[in-house]
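Some notes on the structure that comes next.
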Amino acid sequence: MADQTLTRLDLAESVFREVGLSRNESADLVEGVLQHISDALVRGESVKISSFGTFNLRDKTARVGRNPKTGEEVPITPRRVLSFRPSHVMKDKVSSGNKR
Amino acid sequence: MIRSELVDKIAAENPHLYQRDVELIVATIFDEIIDAMANGDRVELRGFGSFSVKKREARIGRNPRTGESVQVEEKYVPFFKTGKLLRDRLNGG
């Protein structure tokens, strides 16, 4: 079963099986969860989901970059980037699950 | 925002659901993502981001306190890449 890609549809299917709501409503709830996390991040809040992980925002300052193909210097504007720090639960499960 | 606040927001939008059902829904989503990665699978959530597993090769590490060499086994670690839509929204797009 390895090397597959799960999507929103698979998450909705799990909610459908687990909770017994309609498929449509399950899909809306999955979307709602992702939307609330995104909105909090866009407001500048970090999002901490216990036993899953933490989404943190980092502000990057402006710097001079280079087009690696042409060598041309290009200014890189200040940006906000998202970093995800997995919880120990996630790290342990991913580590032991992929061990052969 | 923490997990319980996320549950509260979803519950407020879905007054027909019991709080414990909302907790189960939220737990199911996060557990499913972890289970997929534990299985070596990717989870791709368009516009939000994707979760995948990266292999870290075995290497010779060093105990920073004693300077002693130690063999570090290969391992698999979770990785998240922010989706384009969310990345743009974070930067006022």
Side-chain angles (χ1 to χ4, degrees), chain A residues 1-8 10-15 17-21 25-26 28-30 32-53 55 57 77-87 89-99, chain B residues 1-10 13-14 16-18 21-22 24-56 73-83 85-93:
Chain A
M1 278 283 286
D3 299 331
Q4 294 199 354
T5 300
L6 276 78
T7 63
R8 279 173 170 76
D10 298 291
L11 298 183
E13 190 66 20
S14 300
V15 170
R17 277 199 314 266
E18 199 76 36
V19 192
L21 302 169
E25 193 172 6
S26 300
D28 288 346
L29 284 157
V30 169
V33 166
L34 297 177
Q35 202 59 55
H36 280 297
I37 296 174
S38 302
D39 290 350
L41 293 166
V42 170
R43 286 196 302 269
E45 294 175 35
S46 61
V47 176
K48 187 179 172 128
I49 307 295
S50 59
S51 73
F52 184 78
F55 296 93
L57 296 163
T77 52
R79 283 164 309 138
R80 177 167 279 182
V81 298
L82 178 57
S83 72
F84 175 71
R85 204 178 124 80
S87 69
V89 176
M90 180 188 281
K91 279 193 202 170
D92 290 349
K93 286 191 177 168
V94 168
S95 168
S96 56
N98 287 282
K99 206 170 281 176
Chain B
M1 181 170 78
I2 61 173
R3 190 181 184 124
S4 58
E5 291 165 339
L6 174 62
V7 169
D8 290 346
K9 283 175 198 276
I10 303 286
E13 283 173 350
N14 295 275
H16 60 294
L17 299 177
Y18 290 111
D21 285 334
V22 177
L24 177 59
I25 289 158
V26 169
T28 299
I29 293 169
F30 292 124
D31 290 350
E32 191 70 13
I33 295 173
I34 294 179
D35 288 351
M37 281 191 285
N39 198 26
D41 295 338
R42 275 166 53 81
V43 182
E44 188 171 317
L45 305 166
R46 284 282 160 85
F48 181 78
S50 62
F51 294 91
S52 59
V53 179
K54 288 205 167 178
K55 182 181 181 181
R56 296 272 180 263
E73 309 250 304
E74 70 165 32
K75 63 177 174 185
Y76 292 85
V77 297
F79 180 76
F80 175 76
K81 185 174 189 290
T82 311
L85 180 69
L86 180 53
R87 200 179 340 119
D88 290 346
R89 279 189 71 200
L90 291 174
N91 291 285

Please report the closest heavy-atom contact between [X] and [Y], naming both atoms and the distance.
X      : Y      : answer
V15(A) : I29(B) : CG2-CG1, 3.8 Å
G40(B) : N98(A) : CA-OD1, 3.2 Å
I37(A) : M1(B)  : CA-CE, 3.9 Å
M37(B) : V94(A) : CB-CG2, 3.7 Å

Measure distances from [X] to the heavy atoms of chain A and classify the residue's part below 4.5 Å as side chain, backbone, both or neither.
X      : answer
V77(B) : backbone
L17(B) : side chain
F51(B) : side chain
L90(B) : both
E13(B) : side chain

Using a 4.5 Å cut-off on heavy atoms from C-beta on, say whether the side chain of [Y] contacts that of [X].
X      : Y      : result
T82(B) : V81(A) : no
L45(B) : L11(A) : yes
E25(A) : H16(B) : yes

query = Who among L82(A), T77(A), D92(A) has the most heavy-atom pairs with chain B under 4.5 Å?
reply =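 The residue among L82(A), T77(A), D92(A) with the greatest pair count is L82(A).
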request  = Give the member of V30(A), V33(A), D10(A) that has the highest number of heavy-atom pairs under 4.5 Å with chain B.
outcome  =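 Ranked by contacts with chain B, first place is V33(A).
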inquiry  = Angle between ring planes, F52(A) versus F30(B), binned at 30° and 60°: parallel, tilted or perpendicular?
reply    = tilted
Once rounded to the nearest 0.5 Å, what's the spacing between atom [atom1] of [X] and atom [atom2] of [Y]?
X      : Y      : atom1 : atom2 : result
I2(B)  : S46(A) : CD1   : OG    : 10.5 Å
R79(A) : R87(B) : CZ    : CZ    : 9.0 Å
D28(A) : N14(B) : CG    : CG    : 8.5 Å
S95(A) : K75(B) : OG    : NZ    : 7.5 Å
S96(A) : Y76(B) : OG    : OH    : 13.0 Å
D31(B) : M90(A) : CG    : CE    : 10.0 Å

Engaged part of [X] at the chain B interface, taking heavy atoms whose separation is under 4.5 Å:
X      : answer
T5(A)  : both
S51(A) : both
E18(A) : both
R43(A) : side chain
L21(A) : side chain

Check for a donor-acceptor pair, side chain of [X] on one end and backbone N or O of [Y] on the other, with a separation under 3.5 Å.
X      : Y      : value
R46(B) : R8(A)  : no
R89(B) : V42(A) : no
D35(B) : K93(A) : no

Most chain A-contacting option - heavy-atom pairs closer than 4.5 Å, from K81(B), K9(B), R56(B), E73(B) =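 Heavy-atom pairs under 4.5 Å are most numerous for K9(B).
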